[in-house]
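Notes follow once the structure below has been shown.
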Amino acid sequence: MNWPQKLRRRSLSVRMAQFRVVSTVLFVLLLVAFWEIQVVNSDFYRNQARQNRIKTIPIPAARGNIMARDGRVLAQSRVALSAMIDPSHTSPERLPRIAHGLGLEPEFLEARLAEGSQYSRSNHFVLKENLTSADLAFLHAHRSEFREIDLIRGMRRQYPATAVSVHTIGYVGEVSKHELNQREYLLHDYGAEIGKSGVERQYDRWLAGENGSLEYLVDSLGRQLLTAGRVEPVPGNDLTLTIDLDLQSVAELGLEGRKGAVVALDPRNGEILALASAPAFAPNKFVEGFSRDEWFALDGDPRKPMLNRAIQGTYAMGSVFKPIHGLAGLESDHARDDFKVHCTGGMQFGGRFFGCHKHDGHGLVDLRRAIAVSCDVYFYRLGHQLKVEKLAEYARIAGLGARTGVDLPDEASGLVPSIRWKVRNTLRPWHPGETIVLAIGQGAMSVTPLQAAHAIGGLAMGGVWHQPHLVSREQSGLIDPGGLPVPPRIRLIDPEHLEALRQAMSDVVNGGGTGGQARVRGLEVCGKTGTSQRVSNSLRLATQREEFEDDAWFVGFAPCRSPQIVVAGLLENGRKSSYAAALVRDVIQVWHLNRSRRHTSVPDGSLDRSEGIEG
């Protein structure tokens with residue numbers, strides 16, 4: 001064997017020896033690492049492995065828009081970032097830092113986690129919505145530390161017209177613990193957003209949509225590795241209301257700085273054209289969140305801004321009841337042409353003096369004149385002849401004392417008193433003097449402004465009362481395909497009696513009656529004023545307290561003989577019915593102007609004679 005071959009063999013042997021040494025060292029190192037992972041630090045690495053897992057977080061669905069009848073948006077949803085927490089992967093000692101970083105009270109955070117752990121069916125729920133730049137900076141800077149917190153693109157409700165129709169639209173909020181136990185919310189999870197009042201609550205299922213979900217694999221630092229699955233959210237359905245935003249805005253402006261309500265209806269089909277209540281609240285605050293002081297101030301406000309006076313406030317109807325009373329007199333043949341009363345400013349009955357609002361009297365009046373000038377003495381005497389049960393019967397025919405069935409939650413029913421009601425609730429007999437008081441819409445009788453508009457509107461239509469509604473019949477059919485439309489209540493009125501009442505109510509406005517403030521140029525408006533006492537006149541005068549002042553009413557419709565709109569205006573402590581009449585006038589005037597513009601814009605210049613301008 002020559003020398004070069006020997007050198008090559010020796011080099012190969014050296015390399016083999018080196019390989020065996022390196023392999024042995026590597027094997028020993030692997031054994032040491034394996035020993036460390038499996039024995040020495042087994043708990044640590046087992047925990048790290050567990051944190052490489054699949055996370056599922058919801059993708060909130062956009063809530064449907066709410067729009068006025070012309071398409072203008074009253075409520076919409078926009079994207080906002082929210083912080084979602086998994087309470088099973090946090091610990092009590094971390095909570096103070098999370099609370100401080102997100103600007104939350106530690107007590108609130110602890111209570112939130114406790115409730116979420118108890119009521120949430122999923123691993124995640126929203127900790128804070130609408131994150132600020134400071135919140136985002138904190139979360140990004142501590143991403144590896146607070147792996148239990150995820151950022152999601154949530155949908156936040158927004159009300160662009162913050163001062164218009166807020167009671168009608170309502171607001172959204174987080175489902176409460178109490179609501180989670182109710183049947184209609186059984187499929188909702190803790191932290192879900194639901195409609196809390198108004199249309200938002202009434203049509204919550206139609207507006208809400210269905211949330212989606214995102215599944216992805218994360219490592220021990222909470223970093224997303226890959227997407228495992230995605231279910232797209234289904235947005236909610238849009239909802240178009242019958243509200244005429246022009247009329248609604250005028251009603252809101254008229255109520256500014258006052259307490260009261262305005263309701264405008266189309267008596268031909270029951271569509272609600274305006275429904276306003278004052279004072280109002282800021283619906284966006286329910287989305288942004290209240291401080292404790294802000295909530296106590298709102299909840300304890302003596303003006304009750306959360307009360308929807310249009311459907312929940314109940315008031316004595318006052319003289320607005322007189323046309324209904326007059327119908328009872330006509331149909332029972334008591335208010336004949338020869339039934340006239342001489343009003344001297346009041347009358348004695350049962351040892352008590354019942355005064356008229358005009359202290360020196362109205363002189364000799366018949367039904368038409370009594371309604372026009374609102375003579376109390378005429379209706380005292382007519383009511384005494386009719387008796388309480390007849391008055392109660394016609395009040396119920398007009399729809400008083402029962403909910404109208406409007407598509408809004410928590411409508412009040414009002415009250416129509418009767419002998420049976422008095423005995424059942426007080427264990428005392430009915431006193432004839434109570435009939436005298438009921439005859440002018442006072443005493444125990446109470447109605448909502450919506451009921452007042454509904455009652456007078458149906459009377460003006462000749463005894464046809466359509467159920468008031470905020471959503472068109474066409475869209476209602478889409479929302480509830482199996483539902484049947486509610487037929488109108490019909491109690492046809494003798495044409496002669498109807499004409500007598502229309503003439504009287506026209507005189508209220510156009511014939512020197514008590515409602516001259518409601519007159520509209522170029523349009524014959526019919527209506528009835530009313531002033532209802534809250535306390536006795538002696539107490540009101542003695543105390544001079546504002547909350548004891550009389551309520552002011554006016555309910556009007558137009559055109560008189562083919563009604564297309566009826567408007568009820570109520571001013572709490574308004575004192576004079578002329579103020580309410582002016583409020584109603586403004587709403588009818590805007591309706592009349594808009595209608596005139598629509599007619600004159602017809603291409604061929606023709607007008608629908610049945611809807612032409614009166615006068």
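Numbers for residues simply follow the sequence, beginning at 1.
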Verify the neighbour count for atom [atom1] of [X]: are there more than 12 heavy atoms of other residues, nucleotides or ligands below 6.0 Å?
| X | atom1 | value |
| --- | --- | --- |
| D337 | CG | no |
| R352 | CZ | no |
| Q348 | CD | yes |

Check the pair K322, D376 against side-chain contact (heavy atoms from CB on, under 4.5 Å), reporting the backbone distance first and the verdict last. CA-CA 9 Å; K322 288 174 180 175; D376 293 330; 2.6 Å; yes
Would you confirm whether [X], through its side chain, and [Y], through its main-chain N or O, come within 3.5 Å as a donor-acceptor pair?
| X | Y | value |
| --- | --- | --- |
| Y315 | L570 | no |
| E434 | W430 | no |
| R336 | D333 | yes |
| D551 | N573 | yes |
| N510 | V525 | yes |
| S446 | T314 | no |
| W465 | A455 | yes |
| R502 | A460 | yes |
| E252 | A276 | no |
| R258 | G254 | yes |

For F339 and Y378, run ring pair (Phe, Tyr, Trp, His ring centres under 6.0 Å): C-alpha distance rounded to whole Å, both residues' side-chain angles, the deciding distance at 0.1 Å, then the answer. CA-CA 9 Å; F339 180 76; Y378 180 93; 5.3 Å; yes
Salt bridge flag under 4.0 Å for residues [X] and [Y]:
| X | Y | answer |
| --- | --- | --- |
| R491 | E331 | yes |
| D246 | R72 | yes |
| R201 | D410 | yes |
| D301 | R303 | yes |
| E524 | R561 | yes |
| E271 | R473 | no |

Looking only at heavy atoms, what is the nearest atom pair of [X] and [Y], with distance?
| X | Y | value |
| --- | --- | --- |
| G527 | V509 | N-CG2, 3.9 Å |
| D366 | K340 | CB-CG, 4.0 Å |
| F321 | A439 | CD2-O, 4.0 Å |
| T529 | G515 | CG2-CA, 3.7 Å |
| K304 | R309 | O-NH1, 3.1 Å |
| L459 | P323 | CD2-CB, 3.9 Å |

[X] versus [Y]: any side-chain heavy-atom pair under 4.5 Å?
| X | Y | value |
| --- | --- | --- |
| R585 | I588 | no |
| F554 | S577 | no |
| T531 | K576 | no |
| H325 | L382 | yes |

Checking side-chain polar atoms at under 3.5 Å, does [X] have a donor or acceptor matched by the opposite partner on [Y]?
| X | Y | answer |
| --- | --- | --- |
| S319 | S374 | yes |
| T426 | W421 | no |
| D407 | Y203 | yes |

Check: [X] ring centre within less than 6.0 Å of [Y] ring centre:
| X | Y | result |
| --- | --- | --- |
| H384 | H334 | no |
| F281 | H167 | yes |
| Y171 | Y159 | no |

Pairwise distance [atom1]([X]) to [atom2]([Y]) - rounded to 0.5 angstrom:
| X | Y | atom1 | atom2 | answer |
| --- | --- | --- | --- | --- |
| I565 | R595 | CD1 | CZ | 9.5 Å |
| I66 | N237 | CD1 | CG | 12.0 Å |
| W553 | M317 | CH2 | CE | 6.5 Å |
| R368 | S506 | CZ | OG | 7.5 Å |
| R369 | L367 | CZ | CG | 12.5 Å |
| R403 | I311 | CZ | CD1 | 10.5 Å |

When you look at I272 and V406, which way does the side-chain contact (heavy atoms from CB on, under 4.5 Å) test go after all the steps? CA-CA 9 Å; I272 296 177; V406 64; 3.6 Å; yes
Are the two sulfur (SG) atoms of C356 and C343 closer than 2.5 Å?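 Between C343 and C356 there is no disulfide, given that their SG atoms are not under 2.5 Å apart.
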Step by step, work out the side-chain contact (heavy atoms from CB on, under 4.5 Å) result for R396 and V416. CA-CA 7 Å; R396 287 191 286 267; V416 172; 4.1 Å; yes
If the test is side chain to side chain donor-acceptor pair (under 3.5 Å), which one of Q451, H454, E411, Q467 qualifies with T404?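 Only one of Q451, H454, E411, Q467 forms a side chain to side chain donor-acceptor pair (under 3.5 Å) with T404, namely E411.
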Please name the residue in the list T435, V341, I436, V437 that meets the side chain to side chain contact (heavy atoms under 4.5 Å, CB included) test with Y380.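 Only one of T435, V341, I436, V437 forms a side chain to side chain contact (heavy atoms under 4.5 Å, CB included) with Y380, namely I436.
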Y579 vs Q517, side-chain contact (heavy atoms from CB on, under 4.5 Å): CA-CA, chis, key distance, verdict: CA-CA 8 Å; Y579 299 152; Q517 287 291 330; over 6 Å; no
